[in-house]
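Heads up: the structure comes next, in structure tokens.
A quick note: this is a predicted structure, and the numbers were derived from the prediction, not measured.
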Amino acid sequence: INLQAGQRVFIGEAPTALDRLVGDLSATLTRDDPTIPPTEQRVYIRADRNVRYGDFMQVMNTLQGNGFYQVALINEEL
């Protein structure tokens, strides 16, 4: 999942929205590996440095509230 300023959310390169995130993510993960339930797969999040903390937490809470607990953050050195 890629988060960008202005509450823009992407799964890979495909845009999505917070209200569609779980459905879009589940569809993508199922397509990528149908042998593992989506909520048991690791989800990686990368956020633009200009993303507000509250916006980031909305995404995290949405994921966890829907059973996605294996979430990892991607850190890139500057």
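- With a 4.5 Å cut-off on side-chain heavy atoms, L21 and I1 count as touching.
- Interatomic distance, N50 CG to L3 CG, rounded to the nearest 0.5 Å: 12.5 Å.
- In terms of the salt bridge (charged side-chain N to carboxylate O under 4.0 Å, His left out) criterion, residue partners of R46 (sequence neighbours excluded) are, by chain and number, E76.
- Listed by first then second residue, pairs satisfying side-chain hydrogen bond (donor to acceptor under 3.5 Å, both in side chains) with a partner in residues 58-72 number zero, not counting sequence neighbours.
- A side-chain donor-acceptor contact under 3.5 Å links Q7 and D55.
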What pairs of donor and acceptor atoms, side-chain ones from residues 30-37 against any protein atom, are under 3.5 angstrom apart with sequence neighbours left out?
{"from": "T30", "atom 1": "OG1", "to": "S26", "atom 2": "O", "distance (Å)": "2.8"}
{"from": "D33", "atom 1": "OD1", "to": "T35", "atom 2": "N", "distance (Å)": "3.1"}
{"from": "D33", "atom 1": "OD1", "to": "T35", "atom 2": "OG1", "distance (Å)": "2.5"}

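- F10 belongs to no multi-residue hydrophobic cluster, having no ILVMFWY side-chain contact under 4.5 Å with any other such residue.
- Each of V9, L29, T16 was checked for a side-chain contact (heavy atoms from CB on, under 4.5 Å) with D24, and the lone residue meeting it is T16.
- Scanning both residues, A72 and R42, for their nearest heavy atoms gives CB-CD, 4.0 Å.
- Cluster partners of Y44, by chain and number: I74. The rule joins Ile, Leu, Val, Met, Phe, Trp and Tyr whenever side-chain heavy atoms lie under 4.5 Å apart.
- Residue pairs meeting the salt bridge (charged side-chain N to carboxylate O under 4.0 Å, His left out) criterion with at least one member in residues 4-19, sequence neighbours excluded, do not occur.
- Closest of all the heavy-atom pairs between F56 and A47 is CD1-CB, 4.5 Å.
- Annotation: R52, atom CZ; neighbour count of heavy atoms from other residues, nucleotides and ligands within 6.0 Å does not exceed 12.
- Counting heavy atoms from C-beta on, the side chains of I45 and M60 come closer than 4.5 Å.
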